[in-house]
Amino acid sequence: MTADSLRRALTAPGDPPLRPLPDQVAALLETLHAPPRLAAHLRAVHDVAAQLTDAVADRFPQLPFDREAVLFGAATHDIGKIRHPEELSGPGSAHEPAGFELLVRHGVAESLARFARDHASWQQAGIGVDDLLVSVADKVWKGKRVTDLEGLLVDRLAVATGRERWSVFLDLDDVLDRIAADADRRLAFQATHPVRG
């Protein structure tokens, strides 16, 4: 039953339609018998990251970022909740270092595994644009807007484009509003999948 529930979370079309996770990530989730709710969540955030990176590349083509790294980071950011399933339905950050360790143990480069550890640490030194994009996707998928996080991304966009900060803010705000508009449907999709198989 668990495998069937997980398979549904990985393949159900969703409303709005959600992109599939990268094959490597889907296979790892199956190998690790991930909770179906986690797989559904990772799909939602991965899909939002794809929308966000497409919009950023279109509106701010001067910004250098690694789209594939961002998508992988979004697809794996909460994978540590396999080890800490209580954090699927409650607060906690133990999944962050656990996710990093889990990914590295399964052959993922530290440069990609870091998103699992750092996705909630956007205030720390050394956080790059790729990290900010994963963090924003992890918030806006459910319609949550975090001013200081978005401000850091606006700062990077303003520097990269040479545009006024207010102008960049308006463009990014428009993008995030459009993505957030489907938050209730993404949350409903996630909720249809059980926390435990």
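Everything quoted here is computed from the prediction, not taken from an experiment.
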Distance, nearest 0.5 Å, that separates CG of D131 from CZ of R117 | 9.0 Å
For V104 and A113, the nearest pair of non-hydrogen atoms, with its separation, is CG2-CB, 3.7 Å
Check step by step if side-chain contact (heavy atoms from CB on, under 4.5 Å) holds for L6 and H33.
-> CA-CA 8 Å; L6 177 56; H33 308 288; 5.7 Å; no
Between R186 and I179, is any pair of side-chain heavy atoms under 4.5 Å apart?
-> yes
Taking all non-hydrogen atoms of both residues, which atom of E150 and which atom of L176 are closest, and how far apart?
-> CD-CD1, 3.5 Å
Within 6.0 angstrom of Q62 CD, more than 12 heavy atoms from elsewhere = yes
Is V159 reachable from F65 through a run of I, L, V, M, F, W or Y residues, each pair having side-chain heavy atoms under 4.5 Å apart?
-> no
Single-linkage hydrophobic cluster L71~V56, side-chain heavy atoms < 4.5 angstrom | no
Heavy-atom closest pair (H119 atom, S135 atom, distance to 0.1 Å) is O-OG, 2.7 Å
Group every Ile, Leu, Val, Met, Phe, Trp and Tyr by side-chain heavy-atom contacts under 4.5 Å, then state whether L18 and V48 land in the same group.
-> no
Hey, are K144 and D138 close enough for a salt bridge, meaning a charged N less than 4.0 Å from a carboxylate O?
-> no
Salt-bridge test for D174 and R178: reply yes if a basic N is under 4.0 Å from a carboxylate O, no otherwise.
-> yes
Taking atom CZ of R156 and atom CG of L133, what is their separation to the nearest 0.5 Å?
-> 10.0 Å
Any side-chain heavy atom of D173 sitting closer than 4.5 Å to one from R145?
-> yes
The reported gap from OG1 in T76 to CG in L102 (rounded to nearest 0.5 angstrom) is 10.0 Å
Would one find more than 12 heavy atoms of other residues, nucleotides or ligands at under 6.0 Å from atom CD of E86?
-> yes
In this structure, OG of S167 is separated from CG of L172 (nearest 0.5 Å) by 11.0 Å
ILVMFWY network linking W122 to V45, side-chain heavy atoms under 4.5 angstrom = yes
Where is the tightest heavy-atom contact between A191 and R37, given as atom of each residue plus distance?
-> O-NH2, 3.5 Å
Could you check if a side-chain atom of L63 sits within less than 4.5 angstrom of a side-chain atom of T161, using non-hydrogen atoms only?
-> no
R163 with D171: basic N within carboxylate O range, under 4.0 Å = yes
Search all heavy atoms of P91 against all heavy atoms of E87 and return the closest pair with its distance.
-> O-CG, 3.8 Å
Do other residues, nucleotides or ligands put more than 12 heavy atoms under 6.0 Å from D177 CG?
-> yes
Whether R19 side chain and H46 backbone form a donor-acceptor pair below 3.5 Å = no
Distance col, row F60:CZ vs L157:CG, nearest 0.5 angstrom, shows 5.0 Å
Linked, directly or transitively: F100 and L88 (ILVMFWY side chains, under 4.5 Å) | no
Nearest non-hydrogen partners of A49 and A74, listed with the distance = CB-CB, 3.5 Å
Would you call the rings of H41 and W141 parallel, tilted or perpendicular, where under 30° means parallel and over 60° means perpendicular?
-> perpendicular
Greater than 12 external heavy atoms within 6.0 Å of D23's CG | no
To the nearest 0.5 Å, what is the distance between CG (L21) and CZ (F72)?
-> 10.5 Å
Please say which of D130, L103, D78 ends up in a side-chain contact (heavy atoms from CB on, under 4.5 Å) with F115.
-> D130
More than 12 heavy atoms of other residues, nucleotides or ligands under 6.0 Å from CD of E110: is that the case?
-> no
With distance as the sole test, does R165 use its side chain to make a donor-acceptor pair with the main-chain N or O of G151 at under 3.5 Å?
-> yes
Given L29 and I82, is the side-chain contact (heavy atoms from CB on, under 4.5 Å) satisfied, shown in steps?
-> CA-CA 9 Å; L29 292 173; I82 291 171; 4.1 Å; yes
